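Notes follow once the structure below has been shown.
These numbers come from the heavy atoms of this one structure, side chains and all, not from hydrogens, waters or symmetry mates. Numbering starts at 1 and runs along the sequence shown. Both ligands and their constituent atoms are indexed starting at 1 by order of listing. Everything numeric here is computed off the predicted structure, so don't read it as measured data.
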Amino acid sequence: MLKYLKKYWFYCLLAPLFMMGELSMDLLQPDMMATIVDDGVLASNMEVILTEGVRMVLLVVFGGTCGVLCGVFANIAAQEFGNDIRKALFSRIMDFSFEQTDRFTTGSLVTRITNDVTQVEQMVMMSVRSLVRCVLMFVGGIYMLYRQSPQFALVAACGLPFVTVIVVVTLKKVSPLYTVIQQKLDRVNSCMQENIAGARVVKAYVKEDYELEHFSGANDSLCDTNLQAQTILAFLNPSVNIILNLCVVGVLYVGGYTVRQDGGITPGQTMAAITYLSLILMRIVFFANIFQTFTRASASWRRIREVLDTPVVQTQVDESSGGVPAQADGQTGEIEFRDVSFAFPDAPENLVLDHISFRAKQGETIAIIGSTGSGKTSLVQLIPRFYDTTDGEVLVDGQNVRMYPMQMLRDKIGIVQQKTELFSRSIRENILWGSEEKYEEIAACAAADGTDNFSAVYGVPDPVSRAAGIAQAEEFILRTPDGYETQVTEGGHSLSGGQKQRISIARAVIKNPEILIFDDSGSALDLKTEAALYEALNREFADTTRIIVAQRIFSVKDADRILVLDNGRICASGTHEELLQSSDVYREICKSQLKKGEIGA
Ligand code: TTP
Ligand code: MG
């Protein structure tokens with residue numbers, strides 16, 4: 001934690017300094033009050049009352065100013081610190097692999113980056129402000145009490161052990177509950193997240209009440225634990241107050257007993273002593289508060305550390321396999337699977353891919369067909385290394401994908417995933433997303449030498465409209481009122497399934513990658529549009545290796561090679577005609593789709 005605080009050491013130093021200013025004023029006041037009572041009121045000396053009174057007011061103003069400054073600096077330190085941690089967390093979460101995100105759950109990650117950071121922030125705030133104040137006030141209070149009379153200090157010494165025992169017992173009971181509370185908060189957040197994101201499904205199944213109950217369960221459980229903690233804490237203040245009041249009785253007794261003796265304790269001193277006594281004993285309660293904040297924060301910090309300490313598996317280049325590959329000439333977009341087996345890390349016994357071997361040369365179109373759950377998505381996800389293989393090797397341009405720096409590998413690949421994800425920005429930004437820098441460069445070059453190179457090569461002045469054209473998205477985009485500037489709502493809810501798919505295709509195409517992967521990307525397109533898409537791809541991306549995952553024979557029949565995937569195994573491969581001859585599975589798929597007239601020509 002110090003690593004993150006180091007940057008703000010100056011504020012962490014200033015805050016306690018001003019705190020000391022405020023505190024000294026607080027400690028001096030009861031003493032001055034004693035003077036006013038003893039030398040002013042009892043001696044009927046108006047002058048003392050006035051001068052001491054004015055001094056007190058001035059000190060209060062000075063103390064208040066110090067207090068404000070302390071608060072400001074403590075806040076700067078805590079907020080900036082929290083800000084840094086949130087950024088660090090966010091950046092680490094962005095680097096997570098899919099399985100790492102799955103393991104933490106989205107709800108928990110959201111709690112960690114919001115609530116947990118707030119707890120830790122609070123702790124920093126407390127450390128530089130309340131903790132310092134507490135310690136100094138405790139020590140200073142004892143000193144001032146002793147100054148009034150050593151006998152008073154003795155009374156305080158009798159009360160202290162009792163208060164300490166009460167506080168320690170309470171804390172022992174409460175502390176473990178905080179970890180539980182954070183876990184339960186995770187559950188509430190997960191539940192909320194799922195339901196807000198899945199509101200459409202919940203409504204479609206009229207499951208609001210059921211989900212409400214589910215949510216209430218998680219919420220009640222959180223509430224119970226919170227109540228449990230608060231109930232224990234509720235005993236703290238009254239018990240300490242009892243001890244405090246007993247001590248006050250002690251002070252009054254000592255004061256009353258000696259006040260009549262010559263040179264004994266004065267009434268003013270007795271009054272001051274009572275104030276100091278409550279200052280000292282209440283500090284222990286405050287200590288308990290601070291300790292609670294620390295316990296909560298340390299539970300939170302542990303959870304933050306879990307995220308920050310999670311190693312980024314994905315971006316690590318596997319050094320054992322020989323370091324970063326050099327770009328070999330003439331090898332652009334070759335893919336090879338060498339005896340690849342794969343199981344998801346959370347279910348290692350369940351082989352999703354079973355000894356897959358195939359090779360795709362530059363410019364080839366490989367189609368993968370198979371029933372749902374046969375492992376098509378899993379297979380293509382291994383190419384951009386969303387997951388690592390369990391066994392065997394995936395090679396791109398003759399090099400194992402594990403050897404590439406992530407950016408280099410993923411720059412080669414344009415993948416349209418099965419589940420389209422759009423951002424709540426304009427259509428143009430969604431398409432350009434991931435390729436902005438590249439096109440800013442082109443635009444800058446064009447502006448510099450006055451030639452429109454892009455137009456010269458592609459016949460269209462704008463890469464976005466070229467990509468949209470290839471993806472067959474241009475037509476519907478231009479029909480929207482704002483064209484490319486139309487804002488997409490969160491999750492792309494303002495667009496149809498097919499429209500979203502086409503924008504995702506445009507986003508992959510605009511990268512001009514060596515390898516294009518379409519995971520079921522034609523599924524929401526009508527046959528005419530899909531045919532136009534493949535035609536455009538053949539025209540513009542003849543040299544790009546294409547992998548097309550599909551369920552429909554229509555989408556795969558023109559591919560150079562079709563792999564028929566069945567239960568994680570390639571059960572047949574070849575062209576459409578070859579497979580019609582050789583593969584029963586393929587013929588079955590054809591037959592079932594022919595009935596619906598989908599196979600086309
Ligand atoms: P997929 O590879 O997703 O199957 P698919 O793409 O062929 O199916 P679809 O046509 O419906 O898109 O899944 C293969 C198997 O892997 C399936 O049995 C479910 C399992 N699986 C996991 O265990 N964990 C995961 O995270 C995913 C995505 C799949
Ligand atoms: Mg799939």
Q. Salt bridge between D519 and K419, side-chain N to carboxylate O under 4.0 Å?
A. no

Q.
Under a 4.0 Å threshold between the charged nitrogen and the carboxylate oxygen, would D186 count as salt-bridged to R303?
A. yes

Q: Answer with yes or no whether the side chains of S426 and E429 bring together a donor and an acceptor at under 3.5 Å.
A: yes

Q.
Taking the basic N atoms (NZ, or NE/NH1/NH2) and the acidic carboxylate oxygens, is any pair closer than 4.0 Å for R305 and D309?
A. yes

(Q) Using 30° and 60° as the class boundaries, would you call the ring planes of Y586 and H576 parallel, tilted or perpendicular? (A) perpendicular

Q. So, does Q551 sit close enough to ligand 1 that a heavy atom of it is under 4.0 Å from the ligand?
A. yes

(Q) Here's one to test your reading of the geometry: is the NZ or CZ of R425 within 45 degrees of the ring axis of F423 and under 6.0 Å from its centre? (A) yes

Q) So is T377 polar-close to ligand 1, meaning N/O to N/O under 3.5 Å? A) yes

Q.
Under 2.8 Å from the Mg ion (ligand 2), can any N, O or S atom of T372 be found?
A. no

**Q.** Test: K500 and E421 ion pair at under 4.0 Å
**A.** no

Q.
Is there a polar contact, in the sense of an N or O pair closer than 3.5 Å, between G370 and ligand 1?
A. no

Q) Purely on distance, is any nitrogen or oxygen of K376 under 3.5 Å from one on ligand 1? A) yes

(Q) Please report whether atom 15 (C) of ligand 1 has a protein non-hydrogen atom at a separation of less than 4.0 Å. (A) yes

Q: Any atoms of ligand 1 less than 4.0 Å from a non-hydrogen atom of Q418? List them with their elements.
A: 9 (P), 12 (O)

Q: Before signing off on this row, confirm whether D520 and ligand 1 have an N or O atom pair separated by under 3.5 Å.
A: no

Q: Could you tell me whether R587 and D584 make a salt bridge, using a distance below 4.0 angstrom between a side-chain N and a carboxylate O?
A: yes

(Q) Under 2.8 Å from the Mg ion (ligand 2), can any N, O or S atom of S378 be found? (A) no

Q: Report the nearest protein non-hydrogen atom to atom 22 (C) of ligand 1: residue, atom name, distance rounded to 0.1 Å.
A: F344 CD1, 3.1 Å

Q: Could you list which atoms of ligand 1 come closer than 4.0 Å to a heavy atom of S378?
A: 1 (P), 2 (O), 13 (O), 14 (C)

(Q) With a 4.0 Å cut-off on N to O distance, would you call E364 and R561 a salt bridge? (A) yes

(Q) Does any N or O of ligand 1 fall below 3.5 Å from an N or O anywhere on G373, backbone included? (A) yes

(Q) Applying a heavy-atom cut-off of 4.0 Å, say which part of T372 lies close to ligand 1: side chain, backbone, both or neither. (A) both

